Amino acid sequence: AAEGLSVVSAFEAECHVYGKVGDGEYEPANFDGLFSIAGLDRQYDIWKSAVHTLRDMGVGVTQICKEGGPAQYELNLRHAPAMKSVDDYLTMKEVIRYMTRQAGWIVTFMPKPYAHLFGNGLHVHLSLWDLDGKKDMSAGEGDEPLSDLGRWFTGGCLAHAAAITAVVRVALRSSRLRRRFPRWASRPASAKPTPTLRRRTGKRRSCRWCGARWGPGFPAPIPRWGRS
């Protein structure tokens with residue numbers, strides 16, 4: 001704020017939906033593929049109820065899509081001031097947990113629930129805006145993805161990558177998920193039509209920490225920088 005800037009962020013969380021099949025045993029609710037219509041349709045009532053409930057609570061959901069793993073889904077929340085976006089993320093998790101329990105399923109946001117199945121990621125999209133929230137100060141002009149300020153901000157994330165990793169990968173499962181250094185990339189998001197509740201287009205710039213996890217009591221992670 002002292003620099004005339006405000007941080008805007010948005011969470012993009014992945015989760016798995018399971019059904020209990022025995023004493024302490026679980027299996028995925030479906031085995032549909034990435035971006036499949038069937039994958040959305042099978043649990044459609046859960047997602048529809050969750051989206052309406054969250055919007056009534058002031059939490060915007062911009063997209064829900066079927067991810068690559070069995071019964072794996074991705075939920076994208078609308079960007080908001082940093083503290084509100086964290087509140088929105090925690091609210092979303094509780095609402096999804098409640099809705100799935102009511103439907104007879106179990107949902108988990110754990111980084112790696114099973115060794116032989118896909119892991120769940122947690123991305124946080126960050127950008128720097130003016131104090132009025134009217135202009136994205138980190139975005140570049142034309143084909144340039146970042147402004148000078150955006151590059152400096154990304155450079156700061158990379159410079160402090162080791163410290164950030166120590167904070168966001170707080171669980172043993174997170175640390176074992178993948179052992180890769182954070183990396184910076186600038187690429188256009190896919191414009192290919194996909195069967196999701198909302199299709200994304202535009203540019204994406206990312207700085208990723210694999211296997212990030214976050215809960216109450218820990219600072220918000222920075223596994224992905226940019227805007228979509």
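These numbers come from a predicted model, not from an experiment. We number each residue from 1, following the sequence as shown.
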Worksheet item: Going only through I, L, V, M, F, W and Y residues with side-chain contacts under 4.5 Å, is there a path from Met83 to Tyr89?
Response: no
Only distances under 3.5 Å count here; give the side-chain donor-acceptor pairs of residues 97-107 to other protein atoms, sequence neighbours excluded, each with its distance to 0.1 Å.
{"unit_1": "Arg97", "atom_1": "NH1", "unit_2": "Glu94", "atom_2": "OE2", "d": "2.8"}
{"unit_1": "Thr100", "atom_1": "OG1", "unit_2": "Ile96", "atom_2": "O", "d": "2.9"}
{"unit_1": "Thr100", "atom_1": "OG1", "unit_2": "Arg97", "atom_2": "O", "d": "3.0"}

Item to complete: Could you tell me the separation between the OH atom of Tyr18 and the CD atom of Glu27, rounded to the nearest 0.5 Å?
Response: 11.0 Å
Worksheet entry | Flag side-chain contact, heavy atom, 4.5 Å: Pro113 against Tyr26 | no
Fill in: Side chain Gln72, main chain Gly69, donor-acceptor under 3.5 Å
yes
Discussion item. Minimum heavy-atom separation for Ala71 and Pro28, please, with both atom names.
Written reply: CB-CB, 3.9 Å
Worksheet item: Which pair of heavy atoms, one from Glu14 and one from Gly119, lies closest together, and at what distance?
Response: OE1-O, 3.7 Å
Discussion item. For the backbone of Cys65 and the side chain of Glu74, can you confirm whether one donor and one acceptor N or O come within less than 3.5 Å of each other?
Written reply: no
Worksheet item: Nearest heavy-atom pair of Pro70 and Leu117: which atoms, and what distance?
Response: CG-CD2, 4.0 Å
Discussion item. To the closest 0.5 Å, what do you measure between NE2 (His16) and CD (Glu67)?
Written reply: 9.0 Å
Worksheet entry | Partner set under salt bridge (charged side-chain N to carboxylate O under 4.0 Å, His left out) for Lys20, not counting sequence neighbours | none
Fill in: Close side-chain approach of Leu122 to Phe109, heavy-atom, < 4.5 Å
no
Discussion item. Are Glu12 and His125 packed together at the side-chain level, in the sense that at least one heavy-atom pair is separated by less than 4.5 angstrom?
Written reply: yes
Worksheet entry | Between CG on residue Asp87 and CG on residue Leu77, distance to nearest 0.5 Å | 11.5 Å
Discussion item. Taking the side chain as everything from C-beta on, heavy atoms only, tell me whether Gln43 gets closer than 4.5 Å to Tyr73.
Written reply: yes
Discussion item. Rounded at 0.5 Å granularity, tell me how far NZ in Lys93 sits from CG in Leu90.
Written reply: 7.0 Å
Response to the item:
Those residues at least two apart in sequence (or on a different chain) that pass side chain to side chain donor-acceptor pair (under 3.5 Å) with Asp32 are Arg42
Worksheet, complete the sentence: So CD1 of Ile46 and CG of Leu40: to nearest 0.5 Å the spacing works out to 12.0 Å
Worksheet item: Can you name the nearest heavy-atom pair linking Leu34 to Gly68, along with the distance?
Response: CD1-N, 3.4 Å
Fill in: Partners passing side-chain contact (heavy atoms from CB on, under 4.5 Å) against Leu149 (at least two apart in sequence or in another chain)
Leu5, Leu128, Met137, Ser147, Trp152
Fill in: Single-linkage hydrophobic cluster, 4.5 Å side-chain cutoff, Val86 and Trp129 together
no
Scan the side chains in residues 49-61 for donor-acceptor partners under 3.5 Å anywhere in the protein, sequence neighbours excluded, and list what turns up.
{"unit_1": "Ser49", "atom_1": "OG", "unit_2": "Asp45", "atom_2": "O", "d": "3.0"}
{"unit_1": "Thr53", "atom_1": "OG1", "unit_2": "Ser49", "atom_2": "O", "d": "2.8"}
{"unit_1": "Arg55", "atom_1": "NH2", "unit_2": "Val61", "atom_2": "O", "d": "3.0"}

Item to complete: Kindly indicate whether the side chain of Leu75, heavy atoms from C-beta on, has any atom under 4.5 Å from the side chain of Cys15.
Response: yes
Fill in: side-chain contact (heavy atoms from CB on, under 4.5 Å) partners of Asp132, counting only residues at least two apart
Asp130, Lys134
Worksheet item: For atom NZ of Lys84, is the number of surrounding heavy atoms from other residues, nucleotides or ligands below 6.0 Å larger than 12?
Response: yes
Fill in: Ser9 to Leu126 - nearest heavy-atom pair and separation
CB-CD2, 3.4 Å
